[in-house]
Every structure is written in structure tokens, then in C-alpha cells.
Amino acid sequence: MSTQQENKFQAIISHAKEYGFVFPSSEIYDGLSAVYDYGPNGCELKKNLRDYWWKSMTQLHENIVGVDAAIFMHPTTWKASGHVDNFSDPMIDNKDSQKRYRVDHLLEARADALREKGAEKEADALIAEMDRLLAAEDFAALKQLIADQQIVCAISGTGNWTDIRQFNLMFSTQLGSVAGEADTIYLRPETAQGIFVNFLNVQKTARMKIPFGIAQTGKAFRNEIVARQFIFRMREFEQMEMQFFIRPGTQKEWYNYWKETRLQWHLSLGIPAEKYRYHDHVKLAHYADAALDIEYEFPFGFKEVEGIHSRTDFDLKNHQEYSKKKQQYFDNDIDEATGKPYGNYIPYVIETSIGLDRMFLLILSQSYEEETLTKEDGTADSRVVMRIPAKIAPNKLAILPLVKKDGLPEIARELMNECKQHFKCFYEEKDAIGKRYRRQDAIGTPFCVTIDHQTKEDSTVTIRHRDSMLQERIPISKVKEIVQAAL
RNA sequence: GCGGAAGUAGCUCAAUUGGUAGAGCGAUAGCCUUCCAAGCUAUAGGUUGCGGGUUCGAUCCUCGUCUUCCGCUCCA
């Protein structure tokens, strides 16, 4: 990251705090690492983003419905999903070099070295022993195995290891208030499983026919080892996911459909296409047969905002296996090849998964601008403006009486009462008008209207546009529809 | 986790080789009415990150600790 971009990112973080978008969590207690709170403007923007996504998914797609599953789920869910096995890695540190290694990586490297020497059998035996001990979570024996193999740190060259520690990427807690009898359950690391386990509930009750989708927004939790870059990587975050259930064999076309559709959603917010790119996954996760990220160019580089995954029937198949409940769909449509219905099958799934907090950061990054202006008298001036798309801006309209007397506040209040029924408005009569404009720029309000003395004579007001700073005289009766047209 | 840097009012910063904290902006209230932040007045706001030590006295010296940022590592 260049210094200039770094400064911009720092400025965005400061701005976010100063204007009530994002606060560090528990700040009076020195904060909680990688956890953040959303302030008055932040929670409006976040809610608007969530609503915009929700509407585009459910209201505008007749074959997508929503669920709101609990954060707590039966522990077996995470065995079936693969998270218990794939989200926990035993780690070991070398005391001399302070380097940390994954235990399985160390042993696999040792096995590879054995193979190069032609000791295939020993290598296989080592891997088999490792897998057995990992499955049994026998950390003492694993450490002994590392010692027996005389594995040393590549940096320090010593075998001076710490004890093996488990780094579980899932947060666990206790269900039930009686200690000892309590069962360990996890805070969900992704919302997707709440959709999968409700697949048949939703399909039957909403009478959905394949292809159809289930959408969900909600919190998820991951114990990131290093969480930095502001709200980009948090331990508690919000996902907006949609699982689209399809006939096996059609995953390619639907994958491409959602790849295109989701990018168009981003572009519909007016964000330039050159700020986006696709990144195809080469190494695929355990559940996917194709995967890509939609990346945005943040001040700290191109980073993932949204993932499109072809998850095959991995999840439903595993849930069927672990729960012993059929997760199948009977497809009555006629297969032209056979002339008969497609019949029973476990659907394939295309997933679209976007991080709401990352999307929020994207909007901040895209919107924030420090402008240098030249005033009419030729002197330099500056302003900080958040060019937040009008449809997701925290406030849509600021209503400002030019002065707080001569009956102007009364007219302004009348307009306020009319407009606030339809969209979020902000009323202010304090300070010079220019100052009030700049304050609205700083929080991204797209429109300001000013009630002045002329308003009393001909019922017109000045509407001022945030991005261009241009003003026009319009009838007060038109304010509501002009703002609504931009939303 | 390791290394480096920094912590003073909401923000940006002062405080003479150690003498018990100030300014600008911002905020709030009032005045003034002027369509692009910077007219006037007043008020609030700090155990100088926290805890020890040295000293008659610590924002300053010293030790520990916490937090943040940067780099490495880790993760994906």
C-alpha cells in the first residue's frame, strides 16, 4: 500500500469514527481487538445496504425466499459441514525462532522429504500415524512424533518446540446453565448452514420448485488469528448469503448466471466497473467444484467482497448422512431425454455470499473524498464529502431554514413532517448555511433544501446537490418527489 | 507471536535541560442574519493510556503493562 493510499485509509477510519459511522468496540476499556460497533450514521447505512441486497434478492427474484435461522445450531451441523475438521488446526511454536507452524504441515513436509529419499513406506506410515493422532486429538503424542522424527525449525534449526495448541476458528459456548452437564455448541461461522438445514422446511412451506433460492442475512463468528484492516476482517461480522438450489448438471450455467448477476448488483450502486475484478479460485475449498471472488480495489489493494461458490450437493448430502433424514427433492418436470419426470435427487447449490461489513467498507472507501475548491473570491477552500449513493445514504434530505426567525423554521418544520414519512430527513437551524451544507457533505446526505424569505412569497426553495454543489430553485411542493426519484 | 513507532481535551498539537496542563478547530448555549466550514460572547471538556520507581516535585527520567499503527508471521 502506498503512503498516499495508507493516509487515505487512515483518514477514512478517522472520519468513520468522528461522524458516527464506526466505533471501536468497548472503547472506554481500551477496545476489543477486531470488534467494532456501528454508530448512528453507520447503522443507517448498514441497514440500507442490507435492505438493498434483500430487496434485490427476494422481491426482485420471485423464486427466492428468505429465512432467519438462529445463530446457535446443533453441534452436529458443523461436523456435517466440515467446519469441525477444517476450521481447527493444531499449531506448534519454535521457542528459538518464535516461528509458528501448523503441525500437519510440519509432518507432511517431513513425509515429502522421506519420499524424496525413496522411503515411501516410512512416509506413508508417518502420514497414517499423524492422521490417527490428529483424529484422536492426542497432542502429546503428536509432539512426541515431531521429536521422534527429529523435525527442526527451518529458521533456527532447533527442535526446541512448545506444546501443541489447538487454534479453533469457531467460537464455542455452553448450552444450558448447569455447568458440567452443558453441551458445547458453536456460534455459527457462516449463515449458510442455517439455510441448508431448513432446505425442506422452506421448500415445502413456501411451495418452491427447483430452481429456487433461500436468502439470509445475519451475524457469523470466526476466531481470526490476525484480524486487521479495520472492519475488513472482524471476529464478529454479518453475512448476506443466498443458496440457490438447482438440478444436478446445471451448475455451470447457474454459476455463470450468478457471477454476472451479482456483479451487476454492485454496478447498480454506481460504482465504476474498473474498481472490480473476478478472481477465480485455483485451490478449491472442500465443498466446492468451482469458486470465484468478486474483488474490489480497496485503498489497501484488491480484496474479496463477495464469493460465488458452486457447492455441489456437498452440504445437503452430508446433512442427509449425519441426520439420517432424506434431503431430497422430487422433480415433477419432464426430462425430455427420457420423457419421464426427473424424480428424486439431492439438489446442487450455487452460493452467493457477501460480507455486509466489507460492503460497508467498500462504500466508505468509494465515497470518501477530500476536495480542494476555489471560492468565488479566488481563495482556496476544501471539503470532505461522502459521495454515498443516494439510495443507501443514511439521510436523504436535510431541511434547513436560512435563519431561525421570520417564520422560516415553521415552514421548514412543515416540510419536515411531510417528508419524514417517506424517507430519512435531517433538520437543522443552527450555524451559517455553508457550515450546515458541509456537515451534510461529511455524512453523505445527497440533498439539502433551504427555506428562505422568498419561500414565504412564492413557495419555492433552494435544493442543493451534494456532488456538484449546484443549487436550483424549485417549488416546495416538488421536494418530496425529486428526492424520491433519486432513491 | 516477534521487531519498530506512538499514546496529553472529541480532533490536530503545545508545555523552556523535571516546577502540579494550554491553544486552534470541534461541541453546547446565546447574539448576529449572510446560500457553501474560518462574525461576536460565554460554557463544558484532561488522575497527561494504566501501575510501580527515582525526586521536595514527573507530561518530561526509569521499569512494567495495555492499546493502536507499520513490517514479518499466521489465516483464506
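Remember, it's a predicted structure, so these values are computed and weren't measured experimentally. Below, all heavy atoms of this structure are taken into account, side chains as well, without hydrogens, waters or symmetry copies. Throughout, a chain's letter reflects where its sequence line sits, starting with A, and its residues are numbered from 1.
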Please check if the side chain of A:Ser367 supplies one atom and the backbone of A:Leu364 the other of a donor-acceptor pair under 3.5 Å.
no

Work out how far the C1' atom of B:rC11 is from that of B:rU17, and round it to whole angstrom.
31 Å

Could you tell me whether A:Tyr257 and A:Phe244 have their ring centroids closer than 6.0 angstrom?
no

Could you state the OH-C1' distance from A:Tyr19 to B:rA37, rounded to the nearest angstrom?
9 Å

Pairwise C1' distance, B:rU12 and B:rA38 [rounded to whole Å]:
16 Å

Polar-atom pairs under 3.5 Å, protein N or O versus N or O of nucleotides 26-35 of chain B: list them with distances, or write none.
residue	atom	partner	partner atom	Å
B:rG26	OP1	A:Lys435	NZ	3.4
B:rA27	OP1	A:Arg439	NH1	2.6
B:rU33	OP2	A:Lys405	NZ	3.2
B:rC35	O2	A:Tyr437	OH	2.7
B:rC35	O2	A:Gln471	OE1	2.5
B:rC35	N3	A:Thr462	OG1	3.2
B:rC35	N4	A:Asp452	OD2	2.4
B:rC35	N4	A:Thr462	OG1	3.1

Distance, rounded to the nearest Å, where A:Arg436 contributes CZ and B:rA38 contributes P:
11 Å

When the distance from CZ of A:Phe9 to C1' of B:rU68 is rounded to whole Å, what number comes out?
13 Å

Using the benzene-type ring in the case of Trp, are the ring centres of A:Phe300 and A:Phe298 under 6.0 Å apart?
yes

Could you give the distance separating B:rA44 and B:rG52 at their C1' atoms, to the nearest angstrom?
34 Å

Heavy atoms under 4.0 Å, any strand shown: does A:Ser382 hit a base, just sugar-phosphate, or nothing?
base

So does A:Lys456 have more than 12 non-hydrogen atoms from other groups sitting under 6.0 Å from NZ?
yes

Rounded to whole angstrom, note down the P distance from B:rC13 over to B:rA76.
38 Å

Does any nucleotide pair with B:rU68 by Watson-Crick or G-U wobble geometry, both distances under 3.5 Å, and what is it?
B:rA5

What is the distance from CD of A:Glu370 to C1' of B:rU12, rounded to the nearest Å?
14 Å

Over how many whole Å does the gap from A:Phe23 atom CZ to B:rU68 atom C1' extend?
18 Å

Between B:rC66 and B:rC50, how many Å separate the two C1' atoms, rounded to a whole number?
7 Å

For residues A:Gln471 and A:Thr462, is any side-chain donor paired with an opposing acceptor at under 3.5 Å?
no

When the C1' atoms of B:rU47 and B:rU8 are compared, how many Å lie between them, rounded to an integer?
13 Å

Show the numbers, then the answer: is there a ring-ring contact (aromatic ring centres under 6.0 Å, His included) between A:Phe230 and A:Tyr36?
CA-CA 8 Å; A:Phe230 195 39; A:Tyr36 290 89; 5.2 Å; yes

So, does the side chain of A:Arg233 form a donor-acceptor pair with the base of B:rC75 at under 3.5 Å?
yes

Value in whole Å for how far the P atom of B:rC75 lies from CD of A:Glu190:
20 Å

Pairwise C1' distance, B:rA9 and B:rG39 [rounded to whole Å]:
25 Å

Could you tell me which nucleotide pairs with B:rC56 by Watson-Crick or G-U wobble geometry, both distances under 3.5 Å, or answer none if nothing does?
B:rG19

Which whole number of Å gives the distance between the P atom of B:rC60 and that of B:rU54?
15 Å

Atom CZ of A:Phe237 to atom C1' of B:rC75: distance rounded to whole Å?
13 Å

If pairing requires Watson-Crick or G-U wobble contacts with both distances under 3.5 Å, which nucleotide is the partner of B:rA42?
B:rU28

May I ask you to check whether A:Gln454 and A:Asp458 show a side-chain donor-acceptor distance below 3.5 Å?
yes

Does the pair A:Asp441/A:Arg387 count as a salt bridge with the N-to-O cut at 4.0 Å?
no

Measure from CD on A:Glu304 to P on B:rC75 and round the result to the nearest Å.
17 Å

